[in-house]
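Here the structure comes first, spelled out in structure tokens, and everything after it is commentary.
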Amino acid sequence: MIKVFRINTGSCGGCDVEIAAAIESSTDLAWAETPESADALLLTGPITASSQPAFQALYDALHHRVPLLAVGRCAIDGHPFGRGGVAAQAQEFAGRRLDGCAPTPSAIAEAIRQLVVEQTL
Amino acid sequence: MGEGVTYSLVLGPFHPAWRGPQRFDLRVSGERIADVEYHDGFNERGCAERLPRLDLPQALHLVTRVCGTCSFAHSLAFCQAIEQLCNLEVSERAQALRVVTAEFERIASHTRAAAALLHTLGMDSYASDLRHLREQAQQALQALSGARIIPDLCLPGGLRRDLTQRDRETLLVALPKLNRSLFRFIDRLIDHRPLLARTVEVGVLTRAAAEQFGVHGPLARASGIQRDTRTDAPYAAYARLNFKPITQDGGDVYARLMLLLLEAYESIKLIEAALAELPAGEWRGEMPEALPKGQASATAEGPHGLIRYTLEGDGERLKHVRIDTPRQLDRLLTRTLLAQAMLDNVVAIIVSTDPCLACAEH
């Protein structure tokens, strides 16, 4: 069972509900109660200025053992809200990116599986 | 039971139970909430400030993405404001299809919110049944717009694509089944004793408080306020579709749950009526080349309440845009709902208000 924790840094909510749909329809995916107990962190939203410190704190504490998947275009480069997402951060973020606005549940489920497989290789 | 220990508990900003980021700093005394401090602002993206810097097609693209779950309602209010500014007529077919799309979006949003609440209450098999219904609504949105969520469908003067005759017939066959499933679901839930025990008189927002806070949408209607843009200021095809808003009097978690389900049921009936006598003819919309000088304002009832777009054109482009969205949880409303609540009920009370941070903090 792959457990995921969702970090919404100011998304429109579209990717978040499609992540939920992906988890509902996959027997091998489940929610983690806390970020510490997750196998994958899913980033949604363009990382707004006010959510950045909370996201950074989680990433710094966990990135060495829990991989990050940026879900949706705005988490990647901020589109259509302007400059933002992981591309606009000072540091390089490890992990995968899944483009789409919003990506489909099946694409999300597949990306999560690939992310976790890469992590264990 | 005595007072017990007093301690602090922080929920959020990232929490599995709610979609958008928001933080609750709780002061817990024994088993009850002594105080709560609400923190928001994590979702602020400055959409209204950004819109005048974009050309019109890009602006509509952004408007459709202000909120993923109320996407069509945003694009509809925006397009209606442009239609007003440019004096554009919208054909009857496009008006009817706008209602159909808006109501499928509402069904998806309401059943999603109700499923989240039932999951929070530990009623997972009920939540799972509702998710099947929500999935059907999302598939219908796909037939209408090409996308399961965030439908890029609305255009000033009409729509971007038409509903094919085949898809219309498929929907007309599917709707009575959807209608029956939801009716049976509500019937099973309405006097479910464990549910009543956990939700009646829990997290009450009295009618007086709801009036004072000026809440809109399901939150207001679950507290007995008959306020619905679809009847107060009818737009699209609502005026000719004989629609009555639903209200509940309890103002508690149970009333909010029932309201969401009954509204979704009413939405199915609206869609059936709109599709049964779908006018033939033109449906196309087109983005105007330029905006005339002047101001216009239009409203739509989104899944979470009234959405208003106020636009100002400078003779060519957008000069100023104001987006008004329904009032959601804030410091005072959170205090009212959570003061003296049992700690066990806190997450259910929050989830029952179906907070839409993306709308609130565009």
Side-chain angles (χ1 to χ4, degrees), chain A residues 3-25 30-35 37-38 41-55 57-59 62 72-74 78-85 100-108, chain B residues 12-23 39-47 49-51 53-54 58-71 74 108-109 112-113 115-116 119 124 127-128 131-132 134-135 138 142 147-152 355-359 361-362:
Chain A
K3 290 190 168 184
V4 302
F5 190 86
R6 184 175 51 82
I7 306 170
N8 178 336
T9 60
S11 82
C12 75
C15 292
D16 303 82
V17 303
E18 291 299 65
I19 290 170
I23 291 174
E24 284 160 27
S25 57
W31 292 114
E33 293 281 322
T34 61
S37 61
L41 298 175
L42 306 189
L43 171 72
T44 64
I47 317 185
T48 60
S50 41
S51 69
Q52 201 274 343
F55 166 67
L58 262 185
Y59 181 81
L62 294 172
R73 175 60 70 82
C74 68
H79 162 94
F81 306 118
R83 221 171 93 81
C101 189
T104 60
S106 56
I108 294 171
Chain B
F14 313 125
H15 193 284
W18 42 85
R19 193 164 57 242
Q22 54 181 345
R23 199 177 94 209
H39 299 272
D40 56 2
F42 302 102
N43 228 141
E44 273 164 16
R45 290 150 293 163
C47 293
E49 293 73 33
R50 185 172 162 76
L51 282 168
R53 299 203 295 270
L54 305 174
Q58 285 175 326
L60 178 59
H61 182 82
L62 173 55
V63 162
T64 311
R65 282 155 181 81
V66 168
C67 174
T69 53
C70 317
S71 164
H74 278 269
S109 175
R112 183 180 295 124
H119 169 74
D124 278 319
S128 156
R131 284 172 185 145
H132 285 294
R134 188 220 65 221
E135 195 56 36
Q138 284 196 263
Q142 184 152 29
R148 288 167 43 84
I149 194 162
I150 314 180
D152 280 305
C356 188
L357 277 300
C359 270
E361 303 176 0
H362 45 78

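Note on naming: letters A, B, ... go to the chains in the order of the sequence lines (proteins, then strands), and numbering restarts at 1 for each one.
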Relative to chain A, which segment of B:R19 carries a heavy atom at a distance below 4.5 Å: side chain, backbone, both, or neither? both
At a 4.5 Å cut-off on heavy atoms, which part of B:P13 comes close to chain A: side chain, backbone, both, or neither? side chain
Is a salt bridge present between B:D152 and B:R65, judged by a nitrogen-to-oxygen distance below 4.0 Å? yes
Whatever's closer than 4.5 Å to a heavy atom in chain A on B:H15 counts as backbone
Taking salt bridge (charged side-chain N to carboxylate O under 4.0 Å, His left out) as the definition, give me every residue that meets it alongside B:R148, ordered by chain and number, with sequence neighbours left out. A:E18, B:E135
Over all atoms of both residues, closest heavy-atom pair of A:T48 and B:F42: OG1-O, 2.5 Å
Side chain from CB out, backbone as N, CA, C, O: work out which of these in B:R50 comes under 4.5 Å of a heavy atom of chain A, or both, or neither. side chain
Where does A:L58 contact chain B at under 4.5 Å (heavy atoms): side chain, backbone, both or neither? side chain
Under 4.5 Å to a heavy atom of chain A? For B:E361 that would be neither
With a 4.5 angstrom heavy-atom cut-off, which part of A:C101 approaches chain B: side chain, backbone, both or neither? both
Chain A contact via B:C47 - which portion, at a heavy-atom distance below 4.5 Å: side chain
Proximal component of B:R134, with respect to chain A [non-hydrogen, under 4.5 Å]: side chain
Please state whether the side chain, the backbone, both or neither of B:I150 comes within less than 4.5 Å of a heavy atom of chain A. side chain
